[in-house]
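Input: a single structure, listed below in structure tokens.
We name chains A, B, ... by the order of the sequence lines, and we start the count at 1 in each one.
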Number of protein chains: 2
Amino acid sequence: MSSRIIFANRLREVRTSKGFSQEKLAELSTLHRTYVSSVERFERNITIDNMEKLASALEIDLRELLKPYE
Amino acid sequence: MSSRIIFANRLREVRTSKGFSQEKLAELSTLHRTYVSSVERFERNITIDNMEKLASALEIDLRELLKPYE
DNA sequence: GTGTGACTTCTAGTCCGTA
DNA sequence: ATACGGACTAGAAGTCACA
């Protein structure tokens with residue numbers, strides 16, 4: 001399982017658990033709505049700066065978004 | 001402290017603790033020697049795929065490379 | 001063995017739209 | 001609210017020569 005897919009799945013999971021839409025998360029992280037969408041579908045090879053933006057918008061540690069399912 | 005700097009510092013720390021040169025790590029991760037160098041100097045906004053390559057070459061979980069100093 | 005500037009190629013990331 | 005496409009621009013990937 002690639003980190004890219006783990007990240008994508010965790011991102012969606014945490015985002016929805018916080019009740020955020022993709023649009024809302026995009027706004028909070030100053031990223032584009034369609035970009036968040038493509039990241040969650042693991043189409044994009046996201047950079048560390050943007051990973052941090054997303055984690056920060058979700059108010060969690062970046063490592064939380066890289067934690068595989070048990 | 002940005003994730004980028006944390007990653008850079010941890011990368012260098014783990015690499016040297018394993019006795020690897022930048023050249024050796026570059027070879028193991030199929031990245032260029034000077035690229036590894038620039039990442040360790042946090043000059044590059046590295047992507048998740050390359051982060052994974054480096055973690056894999058060091059035989060550790062990617063999250064280990066994002067762990068801040070205590 | 002590593003740092004650095006300069007460079008080209010390629011893709012990350014934006015912005016428009018449709019469904 | 002989300003997926004997805006096309007077209008575009010900013011910037012990452014990747015390499016090199018030299019210190």
- Query: Regarding B:Arg12 and B:Thr16, is there a side-chain donor-to-acceptor distance under 3.5 Å anywhere?
  - Reply: no
Could you check whether any side-chain heavy atom of A:Asn45 comes within less than 4.5 Å of a side-chain heavy atom of B:Asn50, counting everything from C-beta outward? no
*asked:* With a cut-off of less than 4.0 Å, is there a side-chain N or O of A:Thr47 near OP1 or OP2 of C:dG13?
replied: yes
Axis-to-axis angle for the helix from C:dT2-D:dA19 to C:dA19-D:dT2, ends of five pairs each, to 10°, equals 40°
To the nearest angstrom, the CG-P distance between B:Asn50 and D:dA12 comes to 12 Å
A:Asp61 versus B:Leu66: any side-chain heavy-atom pair under 4.5 Å? no
B:Glu43 atom CD is separated from D:dA13 atom P, nearest whole Å, by 13 Å
Scanning both residues in full, the closest heavy-atom pair of A:Phe20 with A:Ala57 reads CE1-O, 4.1 Å
Heteroatom pairs (N/O) under 3.5 angstrom, protein to nucleotides 15-19 of chain D:
unit_1: D:dT15; atom_1: O4; unit_2: B:Arg44; atom_2: NH2; d: 3.4
unit_1: D:dC16; atom_1: N4; unit_2: B:Thr34; atom_2: OG1; d: 2.9

Rounded to the nearest 0.5 Å, the OG atom of B:Ser37 sits from the CG atom of B:Leu25 at a distance of 11.5 Å
Rounding to 0.5 Å, atoms OG (A:Ser56) and CG (A:Leu28) come to a distance of 9.5 Å
Result for side chain to side chain contact (heavy atoms under 4.5 Å, CB included) between A:Met51 and one of A:Val39, A:Leu62, A:Leu65, A:Leu11 points to A:Leu62
In short, A:Lys53 meets A:Ser29 closest at the heavy-atom pair CD-O, 3.3 Å
A:Asp49 CG to D:dA12 P, in whole Å, measures 7 Å
_Do the side chains of B:Arg10 and B:Glu64 get close enough for a salt bridge, i.e. N-O under 4.0 angstrom?_
yes
note: A:Phe42, atom CZ; D:dT2, atom P; distance rounded to Å ~ 17 Å
Note: contacts of residues 4-27 of chain A with DNA chain D (heavy atom, under 4.0 Å) are A:Arg12, A:Arg15, A:Ser21, A:Gln22, A:Glu23
When rounded to whole Å, the CE to P distance for the pair B:Met51 and C:dA12 reads 15 Å
Separation of D:dG11 atom P from B:Asn45 atom CG, nearest Å, is 10 Å
Problem set entry | Polar side chain donor-acceptor pair, A:Glu52 to B:Ser3, under 3.5 angstrom | yes
Ion pair check, A:Arg15 and A:Glu40, cut-off under 4.0 Å: yes
C:dG3 OP1/OP2 closer than 4.0 Å to side-chain N/O of B:Ser37:
yes
DNA chain C nearest-nucleotide lookup for A:Ile46 and B:Ser38: closer to the 5′ end is B:Ser38
